[in-house]
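Quick notes on the structure that follows.
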Amino acid sequence: MNPRRTCKPIQIGNVTVGGNAPITVQSMTNTDTRDVMSTINQVKELEDCDCELVRVAVPDAEAARAIRDIKKGISIPLIADIHFDYRLALMALEAGCDGLRLNPGNIGEPEKIKAVAQAAGERKVPIRIGVNAGSLPETDNPRLPVARQMVEAALEQIRLLESMDFDLIKVSLKAFDVPTTIEAYSDIAEKIPYPLHIGITEAGTPRTGVIRSTVGIGTLLYMGIGDTIRVSLTAHPREEVIAGYEILKSLNLRQHGPILVSCPSCGRTEVDIVKLAGAVETELARIDKPIKVAVMGCIVNGPGEARDADVGIACGKGKAILFKKGEKIRTIKEKDFISVLMAEVERF
Ligand code: SF4
């Protein structure tokens with residue numbers, strides 16, 4: 001695994017992105033931003049699963065103004081997502097947003113971007129240049145590969161911001177196509193000193209979207225690229241946050257709550273391990289500590305196969321072995337599987 005790419009950290013509200021700061025997990029609300037109460041409630045749900053930054057769509061002036069009241073009800077920094085109308089970015093800044101995301105492909109003239117940069121600079125609010133493969137600005141060379149077009153579009157906006165002495169910049173280059181996304185990020189990672197927000201856009205429903213995102217985000221992180229992540233899913237945004245942490249945990253980049261180890265089961269299994277693992281996963285959702293918990297499908301191989309688990313059960317017919325770090329502790333009855341395991345987790 002490559003060491004993390006070095007970059008200039010930026011500050012979004014009280015959260016640092018880039019530098020040596022932990023790689024953050026963010027999401028985006030799917031409520032109507034003008035509906036302040038619904039948006040606050042959804043952000044609170046995201047806060048409950050430790051989302052660290054939240055983005056809200058700002059489609060009109062009413063939504064931009066709503067940011068002021070939304071901010072009063074939430075604790076994590078809020079990023080305003082602006083398409084087309086740069087005046088909405090100015091209004092969102094006025095309303096107290098902590099970060100801005102602009103899509104250069106649909107903001108248009110440099111003068112408008114400059115106006116936003118000036119207002120953001122005065123407030124020390126970072127701007128994410130969010131290039132999306134589906135809405136690239138017009139190019140003189142349409143034959144360029146899409147990844148290159150994405151990089152060129154971002155570099156043009158970055159140069160524009162830099163020409164105004166604005167360097168509170170974060171960049172994303174998202175495509176639906178995973179190799180295109182990886183190529184674009186790998187290219188720009190060597191060209192700019194700014195933090196990178198990584199993700200696969202319109203990745204899909206949880207079943208396919210988590211896989212696409214994991215392949216794309218995971219590959220980039222393994223290459224040392226990425227300072228904040230968003231897993232885009234057609235689902236409640238809570239699922240994005242959960243998936244984001246799972247990706248970071250699987251690369252040992254963050255610790256976040258328990259890790260469940262469960263075997264795929266095989267012809268030796270004598271219990272309904274699918275149901276049991278699902279029940280344990282539900283129970284573990286309320287636990288904060290980083291602990292590795294195993295649910296294994298047979299007594300013979302289970303403790304050995306999950307040797308590095310902090311605590312686990314290896315289940316046979318009507319009974320299970322409770323084990324810690326591969327060592328057998330005692331035998332428990334089927335009716336006590338979950339309660340005994342969870343008691344050990346709590347005690348850990
Ligand atoms: S732990 Fe036992 S049941 Fe599970 S996959 Fe391994 S051998 Fe099969």
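Atoms considered below: every heavy atom in the structure, side chains included; atoms not considered: hydrogens, waters and symmetry mates. One-based numbering, in listed order, for ligands and for the atoms of each.
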task: For atom 8 (Fe) of ligand 1, check which protein N, O or S atoms are under 2.8 Å away and list them.
output: Cys266 SG
message: Checking Pro303 now: which residues fulfil side-chain contact (heavy atoms from CB on, under 4.5 Å) with it, not counting sequence neighbours?
response: Ala314, Phe323
task: Sort and list the pairs that fulfil salt bridge (Lys or Arg N to Asp or Glu O under 4.0 Å) and have at least one residue in residues 290-307, not counting sequence neighbours.
output: Lys292-Asp308
task: Could you pull out all residues at least two apart from Lys170 that satisfy side chain to side chain donor-acceptor pair (under 3.5 Å)?
output: none
- prompt: Is it the case that Thr29 and Gln42 place a side-chain donor and acceptor less than 3.5 Å from each other?
  reply: no
- prompt: Does a donor on one side chain and an acceptor on the other come within less than 3.5 Å for His256 and Glu246?
  reply: no
query: Quick check: are there more than 12 heavy atoms from other residues, nucleotides or ligands sitting under 6.0 Å from CG of Asn20?
result: no
